[in-house]
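Everything below concerns the one structure shown next.
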Amino acid sequence: MKKSFLIQFSILLILIIITNLGLRPEEYIADDELGNAGGIRVDLTGDETVFESSPIDMTPREGGTLVLAESAEPEHLNTYTSTSAAATRVLDYIYETLLDYNYETWRFDRPSLAQSFSISEDGYTFTFKIRENVYWHDGQPLTADDVLFSIKAVLNPFVDCAPMRSSFSKVVSASTNGSHEFIITSSETYFRNQEILGGFHIIPKHIWDPEGLLDRFNVADLLNPSVTREEAAIKEFADAFNTHPQGRPVGEGAEPIIGSGPWKFDKWITGDYISYVRNDNYWNADSTFLKGYSEEGAYLDKVIVKSISDATARLTALKAGEIDFIPRMRAVQYFTQTNTPAFLKKFQKVSYVVPAYSYVGWNNDKPYFSDKRVRQAMTMLIDRESYNKYVSYGMGIPTIGPFYIYGEQYNHNIERWPYDPQRAVELIEEAGWIDHDGDGIRDKDGIPFDFIFSVSAGSTSSKYLALMLKEDLRKVGIVVNIRQLEWSVYVENLRDRQFDVVSLLWIGGLEADPYQIWHSDNIGDRGSNYMGFRHAEADSLIETARFELDKEKRNAMYFRLQEIFHEEQPYTFMFYQRDPGAYLKEFHGVKWIPVRPAYKLYSWWRNTSLAGEAS
């Protein structure tokens, strides 16, 4: 073990003991030494497309409640303006899309709200035939008018959904043909058009625009700045949309979210839970898209998503029977705190991988991190190997870039920057950061190298990482101040780019388009290029690749793009994470898939005859 890490590890150990995690030094055992701690290791990297971790020799039954725990609650539930995974994990069961993934091929071509679709010969126009048997939760029919309204809402420049809107930047027209046909045209043959144009949540026009403020505007109007500036109704709609009660239905008696999905919104008690109940009138009640994996509405009567920010409290609640499922627990809990025979008898442990990577983000517009040499140095000052081994128990899968590590876009030819403090110091000094005034802190142009590392209050792993970096950087004359923020504040600071350094997770897809996060067009205006990364060649590659339909040529561009990321280090790319979780063995139909969040609750059902004891 490296000497520097011993000091850091001592700090972490003190913190762990204080927070009552019960961790002892001898319990730090690498993953390959300990195995999978009595759990099931799910790997969907070959021909297997869906993995079931529960017994399959029983007939599903309806009824019962599932209580699961998440580390953070959504900042709100407006499906277009929210960027949080916590919101998505709820809203994906309430709203639906025109198309969805085919569970056998994992191509995005399975009809959902659309019963069929076609693409014009030139590849620019998509025509969707909307099912005629779909109804909103309030009993109103879902029609092509709702779909057209939904795309208008996204394209309204005053709606606070800049990250989402960037994906629709090439849409030039949208219209209806009768009550159940929707037609949308793009100016480019974008390689993800099918997934983007068929993959956004459809929302009810009669709920979100009851006065018809957008009725007289077409897509061309919404894309024309002179129209949007002059027409007050467009801004009036957006102001109402951004603060609509559907986006934050808090408390008893709040107006429920109206969707079309297999569950209906029940209630949101802030700081406690969000619940949704089975939609007994769900249109898709008889459809089965893959043998053994049905989306027939839902078997469970109710799902309760509790917000428990503290990892220890989540595990305590699971053992006490207050919750049934922890999708993500800490590695130390998985490997050392859930290995009693009683726990393993009552709960099933599972570890799984989804397209999601962790990173440390350096605000490139801050004076400390405007030089790529400093960003490279920061990466070489993070002992990622030790962090993975001693904090994550080896569950991190090292990555060099933002593309899914098991996908065709990932460049395996690039070697990660090493942990090399000596070379890091040389780079920092080359960039002009030297202790000019002898106070022990490096400075440049009168600015001390003294920055804030912002971490989410609910993320223990980010706190540990910040502590490690604080200690390593102290030794080379750099001051790190750690600031813990509640998630809602954290997100707002991120969108407004009011931070120096952050540690976060991006959740992606099996195939990614880097435009939203990495193109310079998306700096500011609450876009997702939070780090302010600007690079002319990168912009050009991102733009060209989007409209290259030859996969080999497109992936070659993404390989070059990853070389640029490697050189520039706007992020320190950390790991694709193997997430450990546990659920009560009373639940069956538990299936794992390679897209976020790695499970779908449609197929889960509860068999109460399997109750056990845990300690």
Side-chain angles (χ1 to χ4, degrees), residues 77-83 91 94-99 112-114 117 124-130 134 136 140-188 190 193-247 257-260 516 525-527:
L77 289 173
N78 184 319
T79 188
Y80 293 167
T81 63
S82 173
T83 57
L91 295 171
I94 295 173
Y95 294 117
E96 295 180 288
T97 56
L98 297 173
L99 305 177
S112 183
L113 290 177
F117 71 101
Y124 291 101
T125 299
F126 288 69
T127 301
F128 297 92
K129 300 288 186 180
I130 311 302
V134 182
W136 296 108
Q140 296 294 313
L142 187 154
T143 70
D145 286 338
D146 294 301
V147 184
L148 178 59
F149 161 73
S150 297
I151 194 65
K152 285 183 181 181
V154 172
L155 294 176
N156 186 320
F158 301 112
V159 169
D160 191 13
C161 66
M164 180 181 182
R165 190 162 44 249
S166 69
S167 297
F168 294 83
S169 62
K170 300 302 179 181
V171 170
V172 293
S173 69
S175 61
T176 61
N177 180 22
S179 61
H180 287 86
E181 184 172 285
F182 172 69
I183 305 161
I184 189 166
T185 300
S186 171
S187 63
E188 301 281 359
Y190 175 37
N193 265 346
Q194 188 165 303
E195 183 176 350
I196 296 296
L197 302 181
F200 65 103
H201 285 158
I202 306 303
I203 61 177
K205 178 181 182 295
H206 69 282
I207 296 293
W208 289 87
D209 190 16
E211 298 179 12
L213 292 173
L214 291 186
D215 285 356
R216 63 189 179 91
F217 304 106
N218 57 33
V219 165
D221 293 330
L222 295 169
L223 297 175
N224 186 337
S226 64
V227 174
T228 57
R229 281 194 305 266
E230 295 172 4
E231 293 287 351
I234 296 175
K235 178 68 160 57
E236 181 183 349
F237 166 82
D239 290 342
F241 187 93
N242 292 335
T243 59
H244 199 287
Q246 288 273 297
I257 299 173
I258 301 299
S260 63
Q516 176 182 329
D525 193 27
R526 297 169 74 83

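Note: hydrogens, waters and symmetry copies are ignored here, and every other heavy atom, side chains too, is used. Predicted model, so just to flag it, every value in this text is computed and none were measured.
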Next item on the list: Hey, could you give me the SG/CG distance between C161 and L155, rounded to the nearest 0.5 Å?
Entry: 8.0 Å
Check: Nearest 0.5 Å, what's the CD1-CG distance between I203 and L142?
Finding: 11.0 Å
Note to self: Please check this pair: side chain of N193 against backbone of E188, looking for a donor-acceptor N/O pair closer than 3.5 Å.
What the structure shows: yes
Next item on the list: Measure up the F200 and F168 rings against each other and bin them: parallel (under 30°), tilted (30 to 60°), perpendicular (over 60°).
Entry: perpendicular
Check: Hey, are the side chains of L197 and V171 touching, using non-hydrogen atoms and a 4.5 Å cut-off?
Finding: yes
Item checked: Within-4.5 Å side-chain heavy-atom neighbours: F128 and L99 -> yes
Next item on the list: Would you indicate whether the side-chain heavy atoms of Y80 and L91 approach each other to under 4.5 Å?
Entry: no
Item checked: K235 side-chain N/O to F158 backbone N/O, donor-acceptor pair under 3.5 Å -> no
Next item on the list: Please test V159 against V154 for side-chain contact (heavy atoms from CB on, under 4.5 Å), starting from the C-alpha separation and ending with a verdict.
Entry: CA-CA 7 Å; V159 169; V154 172; over 6 Å; no
Notebook entry, point to check: Do side-chain atoms of H244 reach the backbone of I207 as a donor and acceptor pair under 3.5 angstrom?
Noted result: yes
Checklist line | Atom pair CG/CD of L222 and E231 - distance to nearest 0.5 Å | finding: 10.5 Å
Next item on the list: Describe, in one word, how the ring planes of F149 and F237 are oriented to each other, choosing from parallel (under 30°), tilted (30 to 60°) and perpendicular (over 60°).
Entry: perpendicular
Item checked: Gap between atom NE2 of H201 and atom OG1 of T97 - 0.5 Å precision -> 6.5 Å
Next item on the list: Using a 4.5 Å cut-off on heavy atoms from C-beta on, say whether the side chain of Y95 contacts that of I257.
Entry: yes
Margin query: Taking the side chain as everything from C-beta on, heavy atoms only, tell me whether S260 gets closer than 4.5 Å to L113.
Written below: yes
Next item on the list: Look only at the side chain of K205 and the backbone of D145, and say whether a donor-acceptor pair between them is shorter than 3.5 Å.
Entry: no
Check: Is there side-chain contact between V147 and I184, with at least one heavy-atom pair below 4.5 Å?
Finding: no
Next item on the list: Check whether any side-chain N or O of D525 sits under 3.5 Å from a backbone N or O of G527 as a donor-acceptor pair, and report yes or no.
Entry: no
Item checked: Residue pair F241 / T81, side-chain heavy-atom distance below 4.5 Å -> yes
Item checked: Side-chain donor/acceptor of S82 to backbone N/O of T79, under 3.5 Å -> no
Next item on the list: Could you go through the side-chain contact (heavy atoms from CB on, under 4.5 Å) check for L223 and T228 one step at a time?
Entry: CA-CA 8 Å; L223 297 175; T228 57; over 6 Å; no
Checklist line | D146 (side chain) donor-acceptor with T143 (main chain) under 3.5 angstrom | finding: yes
Margin query: Tell me whether Q246 contacts the main-chain N or O of I258 through its side chain, where contact means a donor paired with an acceptor under 3.5 Å.
Written below: yes
Next item on the list: Look at D221 together with R216 and state whether they make a salt bridge at an N to O cut-off of under 4.0 Å.
Entry: no
Margin query: Can you confirm whether S150 sits close enough to W208 that some side-chain heavy atom of one is under 4.5 Å from a side-chain heavy atom of the other?
Written below: no
